[in-house]
Undergrad: 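Got a structure for you, written out below as structure tokens; questions coming shortly.
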Amino acid sequence: MERLKKVDPQVYKAINDELKRERDTLNLIASENFAPQVVLEAQGSVMTNKYAEGYPGERWYDGCQHVDQVEKLAQQRAKQLFGGEHVNVQPHSGTQANMAVYFAMLKMGDPVLAMDLACGGHLSHGHHHNFSGKYFKIISYGVDRGNELIDYGEVEDLAKKHNPKMIVVGASAYPRTIDFAKFRQIADKVGAFILADIAHIAGLVAAGLHPSPVPYAEFVTTTTHKTLRGPRAGMIICRKEFAARIDAEVFPGIQGGPLMHVIAAKAVALKLALQPEFKSYQRQIVANAKKLAAELQGRAYRIVSAGTDTHLLLVDLSSKKITGKDAACALDQAGIVVNKNLIPYDRLGPQLTSGLRLGTPALTTRGMKQAQMQQIACLIDAVIAAAQDQKTIAATKAEVLKLTQKFPLYQELT
Ligand code: DSN
């Protein structure tokens, strides 16, 4: 980035500092990952220059032959990976993918049944500050207070009582397998559509490690940057009969020009996700999450739902006399990056929280395995047990640096 360094030293420095931060810290944020260099190359390309409103072969601008090619490649690869009938690769984000489905299929005020954010859902599943909660009548389901699993009986009761037009299935902090077939049975009883938001688990679904919603849901949305390890963006898979409505809702409904450089990067990430190595990568993500959960349990941490089937776990800190906020802050000082998170039926609010959400996609990308998860559990425990002690923080930071140096990141980037 020699040119950038000369022209805009401030932005150059911020990017370089971010690279250093990513290299020197342990990233346990469940929704993040490290996009491969080839994805970064496609995303940082001249395709950022091109306007391409419309769809391949039917654009409102000329000169689209090459961007058409990458959009078609992204569509074909997504269909191959997930087995859907129609794909729209233009949503800029997961929330915009969801918004397109809501707006294409519902009228303002229609009832929607979705998972409560406080129990693991997502803002775009009906939070009152989000478009979804403002424009639609949201009925929320949660998890069972005892086993902390989705209570399918409760979902069915709520569906029968409120007759939702759409049921949203998916979560951003739910560590267990979701039974999409059961949701289909419930939706059929009340004549509802299903929107399955697999943003978090898309990589696991692609690798066959989590059941796919594609056979059961009319609409499947995802982001492309989490377990899928592509650029930061969104995507919609839907049945053929809804293709025209979805496409029209993405453009011109809620978006203008698609980000063709990002779509090129999606195509590259989807090609990588079709390789056999991607499956072993996903298997290791889950093995690492299970190991991290077991190691923390061994150190007397309560893990929500007593474990994980996926890439993430929720740690309940209630018995440790520290809030999620303070724990995350102390860990960050020690170079371990996590996020505070509500646990189901949290006694504390979203600013403080009683929990931490930990995920393994990013560390697994660095090549870390079970042995490192054991070491990391030990480091996390040391910081949480002495969150105010600067000596512990400094000693942990030194250990983190040693570990990150053994598993280098982006060696090609300077
Ligand atoms: N905000 C993301 C997460 O962290 O789970 C979901 O969009």
Side-chain angles (χ1 to χ4, degrees), residues 33-94 96-97 99-101 104 198-199 202-203 205-207 214 219-279 281 412-413:
N33 209 332
F34 302 113
Q37 175 88 12
V38 285
V39 168
L40 300 183
E41 281 173 9
Q43 188 161 4
S45 73
V46 292
M47 286 202 172
T48 195
N49 299 331
K50 190 70 198 100
Y51 251 119
E53 284 176 5
Y55 290 95
E58 306 166 273
R59 305 283 192 185
W60 290 91
Y61 296 80
D62 290 300
C64 287
Q65 59 272 39
H66 306 299
V67 294
D68 274 7
Q69 203 182 338
V70 297
E71 184 160 351
K72 282 194 263 180
L73 281 171
Q75 290 166 337
Q76 285 157 12
R77 291 170 182 171
K79 277 196 219 169
Q80 197 183 337
L81 190 64
F82 292 103
E85 290 177 357
H86 177 75
V87 175
N88 187 307
V89 295
Q90 292 193 3
H92 303 328
S93 72
Q96 277 174 293
M99 185 187 259
V101 177
I198 59 166
V205 170
V214 172
F219 309 96
V220 177
T221 57
T222 185
T223 51
T224 49
H225 48 278
K226 297 185 176 95
T227 46
L228 213 45
R229 205 165 52 177
R232 181 164 301 275
M235 189 162 82
I236 304 170
I237 300 160
C238 71
R239 302 214 173 134
K240 228 190 247 156
E241 61 188 293
F242 303 112
R245 280 165 85 171
I246 288 295
D247 286 354
E249 198 56 57
V250 173
F251 172 81
I254 61 164
Q255 291 188 175
L259 308 176
M260 297 316 301
H261 55 306
V262 181
I263 290 174
K266 285 181 213 184
V268 175
L270 290 162
K271 178 170 182 166
L272 297 178
L274 284 160
Q275 310 308 312
E277 304 81 74
F278 190 73
K279 276 200 173 94
Y281 164 58
E412 320 88 320
L413 296 181

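Reckoned from all heavy atoms, side chains included, excluding hydrogens, waters and symmetry mates. The chain is numbered in sequence order, starting from 1.
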Undergrad: I need the full list of salt bridge (charged side-chain N to carboxylate O under 4.0 Å, His left out) pairs touching residues 251-279, with sequence neighbours left out, sorted by first then second residue.
TA: none
Undergrad: Got a list of side-chain donor-acceptor pairs under 3.5 Å for residues 232-243, not counting sequence neighbours?
TA:
residue	atom	partner	partner atom	Å
Arg232	NH1	His225	NE2	3.4
Arg239	NH2	Pro215	O	3.2

Undergrad: Quick one, Gln80 and Leu274 - any side-chain contact, counting heavy atoms below 4.5 Å?
TA: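 Yes, side chains in contact.
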Undergrad: Check whether any side-chain N or O of Thr224 sits under 3.5 Å from a backbone N or O of Pro231 as a donor-acceptor pair, and report yes or no.
TA: yes
Undergrad: Drop me the distance from His261's NE2 to Asn49's CG, to the nearest 0.5 angstrom.
TA: 9.5 Å
Undergrad: Measuring only between side-chain heavy atoms, which start at C-beta, is Val220 closer than 4.5 Å to Ile198?
TA: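 Heavy-atom side-chain distance check passes, below 4.5 Å.
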Undergrad: Among all residues two or more places apart in sequence or in another chain, which pass the side-chain hydrogen bond (donor to acceptor under 3.5 Å, both in side chains) test with Thr221?
TA: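 In terms of side-chain hydrogen bond (donor to acceptor under 3.5 Å, both in side chains), with neighbours along the sequence ignored, Thr221 is linked to Asn98.
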Undergrad: Given Thr48 and Leu259, is the side-chain contact (heavy atoms from CB on, under 4.5 Å) satisfied, shown in steps?
TA: CA-CA 7 Å; Thr48 195; Leu259 308 176; over 6 Å; no
Undergrad: So, using side-chain hydrogen bond (donor to acceptor under 3.5 Å, both in side chains) as the criterion, who are the partners of Tyr281 when residues are at least two apart?
TA: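 For Tyr281, the residues satisfying side-chain hydrogen bond (donor to acceptor under 3.5 Å, both in side chains) (neighbours in sequence not counted) are Asn33, Thr365.
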Undergrad: Shortest non-hydrogen contact from Gly83 to Val214?
TA: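 Of all heavy-atom pairs spanning Gly83 and Val214, the closest is O-CG1, 3.8 Å.
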Undergrad: Should we count CG of Asp62 as having more than 12 external heavy atoms under 6.0 Å?
TA: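 No, not enclosed.
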Undergrad: Run the numbers on Arg229 and Leu272 for side-chain contact (heavy atoms from CB on, under 4.5 Å), then give the verdict.
TA: CA-CA 9 Å; Arg229 205 165 52 177; Leu272 297 178; over 6 Å; no
Undergrad: Is the CD atom of Gln69 crowded by more than 12 outside heavy atoms at less than 6.0 Å?
TA: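 Open: at most 12 neighbouring heavy atoms sit under 6.0 Å from CD of Gln69.
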Undergrad: When rounded to the nearest 0.5 angstrom, what distance separates CG in Asp247 from CD in Gln90?
TA: 7.5 Å
Undergrad: Determine which pairs satisfy ring-ring contact (aromatic ring centres under 6.0 Å, His included) with at least one residue from residues 63-87, sequence neighbours left out, and list them in order.
TA: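 Qualifying pairs: none.
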Undergrad: I need the Gln255 CD to Ser93 OG distance, nearest 0.5 Å.
TA: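 It is 7.5 Å, given to the nearest 0.5 Å.
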Undergrad: Report the residues that fulfil salt bridge (charged side-chain N to carboxylate O under 4.0 Å, His left out) with Arg59, sequence neighbours left out, ordered by chain and then residue number.
TA: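 Asp68, Glu71.
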Undergrad: Could you tell me which non-hydrogen atom of His92 sits nearest to which non-hydrogen atom of Pro258, and how far apart they are?
TA: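 Looks like CE1-CA, 4.2 Å.
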Undergrad: I'd like to check Leu228 versus Phe278 (side-chain heavy atoms, cut-off strictly below 4.5 Å). Are they in contact?
TA: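 SC-SC contact between Leu228 and Phe278 confirmed.
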